[in-house]
Every structure is written in structure tokens, then in C-alpha cells.
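Here is how names work: the chains are called A, B, and so on, in the same order as the sequence lines, proteins then strands, and each is numbered from 1.
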Number of protein chains: 2
Amino acid sequence: MEPSGGAKRATLAQVAERAGVSVMTASYTYNRPNRVSEQARSRVLAAAAELGYAGPDPSARSLRRGSNRTLGVVMGEHLTYAFEDPEAVSFMAGIAGVCSEHGYGMTLVPVTGAADDVTRITDAAVDGFIVWTTSDDDPVLAAVRSTRRPAVVHGGPAVEGMELVTIDNRAAARAVGAAAWAGAERPAVVCFPLDRDRRTMVTKGGALPGAAFPVTRERLEGYRQAAEAAGIAWQDVTVAVCARNGADEAERITAALLASAEPPDAIAAMSDRQASGVVRAVRAAGRSIPGDVAVTGWDDAAAAARLGLTTIAQSLRDQGASCARIALGGPSTRTPAWSLVHRTSTRP
Amino acid sequence: MEPSGGAKRATLAQVAERAGVSVMTASYTYNRPNRVSEQARSRVLAAAAELGYAGPDPSARSLRRGSNRTLGVVMGEHLTYAFEDPEAVSFMAGIAGVCSEHGYGMTLVPVTGAADDVTRITDAAVDGFIVWTTSDDDPVLAAVRSTRRPAVVHGGPAVEGMELVTIDNRAAARAVGAAAWAGAERPAVVCFPLDRDRRTMVTKGGALPGAAFPVTRERLEGYRQAAEAAGIAWQDVTVAVCARNGADEAERITAALLASAEPPDAIAAMSDRQASGVVRAVRAAGRSIPGDVAVTGWDDAAAAARLGLTTIAQSLRDQGASCARIALGGPSTRTPAWSLVHRTSTRP
DNA sequence: CTGTTAGCGCCTTCAC
DNA sequence: GTGAAGGCGCTAACAG
């Protein structure tokens, strides 16, 4: 199961010998071609071709130069998640664009939630890390920090010694919450998981345990403030905590809420994916939007426009690009812009 | 703009000195903990903690071991494309899953279509490559081959010395083509680009230049065979070549076809994304599906089910996983399964 | 323009 | 259970 490494690779020294030049001339041929005579250069390249030498070994070069020309991206729990969530994909596309511009590669560091995550991070041959939003207590953060390489966290938590790129989730939640709760009497939040245990629960705002994910925590706080501004006590707001960010789970949990004794008449979701599920459940229950139930999303994904969702617009792509630029030591925004997009899923 | 590398990292030798042991004892502490006395071990770890040593340097280790524990993925032209096409994303998710299982990282190699692509590939510190389908003449192939590392091409072309994982595109195109052309008199193909120039054109099958992308070529050949089996001469089949795989371009080009003197009554697209655009254009023109125009897609994406598209089902995710397993030296399928899914967009 | 020297940080080998 | 030597393949720094 181990990679064979293919046929044995020739070394620069062998190429130099065959070409009848010193190792340095061979090295220069690859690194400073114009510092080498045309003649020497072609002899080196000829020797390389004969030996099937494909150029300097990248690891040796990295060791010598002290840089890998690669950024590491840590996406949390399951690497495949990175590809399943369209917003995560946008984020990665933003990173990819900047890496590409700078001739950098992008290594996805596999993290599973298991104990060896730390090893996988300290073992990654990268020049800097970008960490997708995670919980306050995620050991991955300490591992990344311990490498002493430039590191940028997206979303949160804020970690001393690491950069943070995030919108003001609390303010954005206040804004979209105000739209959601307008004219509502029985509001509900369809919520991201609170911590890495990802326990599902339905409770009231007052009874909610603290959230270990800062993004979740900040948004809840914003919804709470919006509720109180609308004259609704937080302890009267239903909070339905999902295990994951996805439409299906949001749909099921919404269906349950609507079938309960106190069906909500306004539902704020934490993503447009969740909101899509909410919309399906509301329609399936024969209720109208926003007449019977107001619905809000988050992200302004394509689905949001299609469904007429009031939502928070932000560019995960730009945020990914910012993270990458910062990791590469350049300047960029730490507090990206967001805006409230009013559509037809909320009461005017 | 260069990464700072953060604070200077301590070396194993420094840790050993501080712990009052030899370098080897320190090394064993990280690599063979049980070959070291409890006492020595804890002194080494204490020294490491004091110095902020995060473990052996990955590049040095790679150099010494001759392996990077990382697979390289080459996605062609624009790295961001990898994240824009849902099928490509599935494919990457499949790779990610296998890498994750094996504790391997996954490096996305930035390739732009420019001359330095070759450099970027030979510079990548990876143990093997997976190359997303490309054209026969793509220099990336020779570059990957020259590294003499295990390499797997997905889709094509077949390259001596590299593995190939692909469905039988010709047979699949024959199958879906048969469904598309049933009862048709003016068939058309909405086609992927023929070569890396990505020139747009509308022509007849007989006048079509050869395609440099094997996947495109094979599918065209399958459609041709299906046409002839249905008693339609290839030179009578319209082929609309798009610059990229996307719904919008397919929609525009279909609108033009429908407005022409000989509007097609059957359109076979090369992806469900393209087919979505085709469906939009057909509806916008006030034609019915399949009554006025039969439509087929490819991939059996979510959109295909939603639109009732007859299409070819295949799992890009499984194919990504296969590629990764093969690159890691394990066994896996080279010829994945596909199947024809009959829905309502074609004539019975 | 070309060559020599001296490591980059680590781990395999072999001795004790 | 521990350590000394040597080298993985390459290139910065400095001659010439």
C-alpha cells in the first residue's frame, strides 16, 4: 500500500558528473539559467534527459530553502465536508486563487477529530495554515499554533498568535434577526451545532447551554438581541440545534416544530442550506411564507435568490482569498463586509 | 509577501542538548517512543516544551524518508474550476476520503495553462499524482510522467507509464445517444470544447475537427454510432461546441439553435449542467420536452433528477477514490461502472 | 561564468 | 536503552 516512488530518481550530482560540470553549474541550470553559459546549460539538460532527471528534488529543496511554497488548509472533522458544503467550496476557491497567483500549492490537511490530528498537522510540510472555523476547545488550534508558522483562523475562535478573519456575526445576526422576528409571536432558530459533540436538541433560548463554536455563539447572541429589541424574551424563543449544517436535517426538525403544540411563525436559520430545508418543511405543512411563517437564511447562496430568502450576504470566496493573503504575509481585510438582503420570505 | 516562517523553530539537536541526551534519543522519542526509557522520554518532551519545539521538521523528514505522505491533484487550467464544477468537487471528495483514511495529505497543484505549469508540477513535494481529464497534447502529462512518481489520469488520455481510470465513454454515449435520437429528425449535440483553445463553433458532425480531449472525442464517437444506428447520417447532426462546461453557455447556444432555420428536435448534452441550460432555453422558446425537443444530460447530478433528465449515471466520487487508491499503490477499478437513467426528457 | 565548501534537520546503520 | 557517524539532495555564500 506504500507508494513505490516509481523508478529510482537520478540526483543532481549524477547529472553534473555526466555533463562534466560541477554540481553547482547543474544547480544553476535549474535555478538561475542565465548565470550559466549556453553550452554548459545544454550539456546539463542533455545529461538530465539521458538520466531521466526531472529537476531538483522538492523535499531537498524545501529543506535547503526553508520554505515549501505551500499553504495548509485545515477543514475540520471530515475532509470531505470541505467539498460538500458549497460555502466551504467557495472559501477554498478563494484560497486556491491566491495560491495560484503566487505559485503556491495548497495542501488539504486531513483532520478526523481523532487523537492523531495533532500529528497530522505538525507533520504537514507547509509554510502556513488556514483553519476553517472550529470550536474554542479544538486541539487542532494548539497544534497549528505550536508549529509557529503563520496561521489564520476563519470565523473563530480568536487565538493569541493567530490571525482571525471573520465578519461581525453578532451584528449580522441582529440585522437578519430583526427581519425574521418582525411581527412574530413564536420565533424559532434553526441552529448549527453548539459543540463538537454535535448533539441535537430543541429547547428555549433561556435553557440553551453555551456554544463552543464562536460563530454559532455570536449568531445566537445577535438573534437574542434582535428578539429583545422586538419585545420578545429570549427564553420564549425556540432553538432547534442540528448536528450538522444541511437541508435535510433542518427540514426534519422544522417539520417536528410545525407539528408541535406551539408551531413557530418565524424561523431564522444559520445557513441558506438549512433555510432551504426549512422552506420545504413549511410548504409541506401547507403553511405560507411569510404569511404563516417568516424564514431567513444566511450566506446569500444561489438557493437564497431562487427561494426569495431574506438572508445575510457575504463572500466566502473573498474571505478565503483574504486568509491566504494574510498567511502569505501580505495585507488584507480581517473584517470582511456583509449585508442584509431583504427578499420575500420575511414580513415587511 | 514572503511568509515569515514565524519565530525561529528549534531543532531536534537543541532539544537533545537541553535534555542532556543524544540527538538519537530525542529522535526516538518522536519516532519509537517505546525504545526510549520513560525518564529520557519525559526529559526530552520537557525540553521540547521549553523550547517550543513542535516535532521533527516535515521537510527534513521527507528528505530523509523519501516520502511526503501527500498526493498531488492536478485539475487543469484553473484551480478554481476544481471548485466550481460539482462533478469535479465530487471527484476531489473521493480522493480526500481515501487520503484521509491513509493519513495522507492532498496537495492541489496550481496549473494555469501557462509555461510554468511544468515547473509547478516538478516542484510539488508529493508521492504521486492524480490528473483530471485533459487533452492529448497537454504538457502537464509529460511533466507528471517525468517525475517518475505513480500517476493516475482520470478520463484520459491514456499515457504510457500512467494509470487510467475512466468509464467507457463511447459505450455510454451510444446508450444515451440512442435515447436522445429516438424519433428525432434534426438531432444536435451540445458539446464540450474540442481542445485547449476552447473555440466555440456550430457545425455538422461531418465537418467537425478532431477533438484533442479524449473524453469529448469518445462521447462524440458514441453519439455518432447511435445516430447511424438510428438511420441518421453523422453529417446531418448539428454539433454546438461550447468553450466551457456550464449551463449559461449551453443555454445561449441552444437558444441560437432553436431560432435557426433548422431547429433541433433532440439535443444530447455532455453534462447535466449543460443540459440544465438546454432545458431553460427550450422552455424559454416555448417548446415542450420531449414532445418538441428531446434532451439528455450526463452525470446524473441532482439537477438531472429535478428536471427529469435522461442521463448517464456515474459516481465521480468513487472514481476519485479509485484514483487515489491506485496512486497509493493499492488495487482498485480502472473501469468504473456507469448506467443509463431513463427519465421523462426523451421520447419513449 | 564556474567551482568549493558547508551545512539545511533528520533518521538509518551500526556499534556499545 | 543509548549514542556516533554519515548522508538523504540540494543550494547560499563565497571564492576564483
Passes side chain to side chain donor-acceptor pair (under 3.5 Å), A:T107 versus B:T107? Steps please. CA-CA 4 Å; A:T107 289; B:T107 290; 2.6 Å; yes
Residues B:T119, B:D123; criterion side chain to side chain donor-acceptor pair (under 3.5 Å); working and verdict: CA-CA 6 Å; B:T119 314; B:D123 280 3; 5.9 Å; no
Given A:T333 and A:V165, is the side-chain contact (heavy atoms from CB on, under 4.5 Å) satisfied, shown in steps? CA-CA 7 Å; A:T333 337; A:V165 171; over 6 Å; no
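Interface residues of residues 17-25 of chain B facing DNA chain D, ordered by number: B:V21, B:S22, B:M24, B:T25; criterion, heavy-atom separation under 4.0 Å. For the segment residues 54-62 of chain B, the set of residues with a heavy atom within less than 4.0 Å of an atom of DNA chain C comprises B:P56, B:D57, B:A60, B:R61, in numerical order.
One donor-acceptor pair, N or O on each side, does fall under 3.5 Å between the base of C:dC11 and the side chain of B:R64.
Whole-Å rounding puts the B:Y28 OH to C:dG9 P distance at 21 Å. Atom C1' of nucleotide C:dC11 and atom CZ of B:R35 are separated by 11 Å, given to the nearest angstrom. Between the P atom of C:dT2 and the CG atom of A:N31 lies a distance of 15 Å, rounded to the nearest Å. For B:L12 and C:dC11, the CG to P distance is 7 Å, given to the nearest whole Å. One interatomic measurement links the two molecules: CZ of B:R32 to C1' of C:dC11, which rounds to 9 Å at whole-angstrom precision.
With no hydrogens or angles considered, no side-chain donor-acceptor pair links B:R149 and B:N68 at under 3.5 Å.
At the heavy-atom level, A:L63 lies under 4.0 Å from base atoms of the strands shown.
A sub-4.0 Å separation between OP1 or OP2 of C:dC10 and a side-chain N or O of B:Y53 is present. In this model, the phosphate group of C:dC11 is approached by a side-chain N or O of B:S27 to a distance below 4.0 Å at OP1 or OP2.
Extent of DNA chain D lying under 4.0 Å from chain A heavy atoms, first and last nucleotide in 5' to 3' order, is D:dG9 to D:dC14.
Contact of the A:D195 side chain with the A:S135 side chain is not registered, since no non-hydrogen atoms from C-beta on lie closer than 4.5 Å. At least one side-chain heavy atom of A:R41 sits under 4.5 Å from a side-chain heavy atom of A:T29. A 4.5 Å side-chain heavy-atom check between B:S22 and B:T25 finds at least one atom pair inside the cut-off. At a threshold of 4.5 Å between non-hydrogen side-chain atoms, the residues B:S146 and B:T122 count as touching.
By the 4.0 Å N-to-carboxylate-O rule, A:R325 lies too far from A:E163 to be salt-bridged with it.
Within 6.0 Å of CD in A:Q14 there are more than 12 heavy atoms belonging to other residues, nucleotides or ligands.
Aromatic ring pairs are classed by plane angle as parallel below 30°, tilted from 30° to 60° and perpendicular above 60°; the pair A:W132 and A:H154 is parallel.
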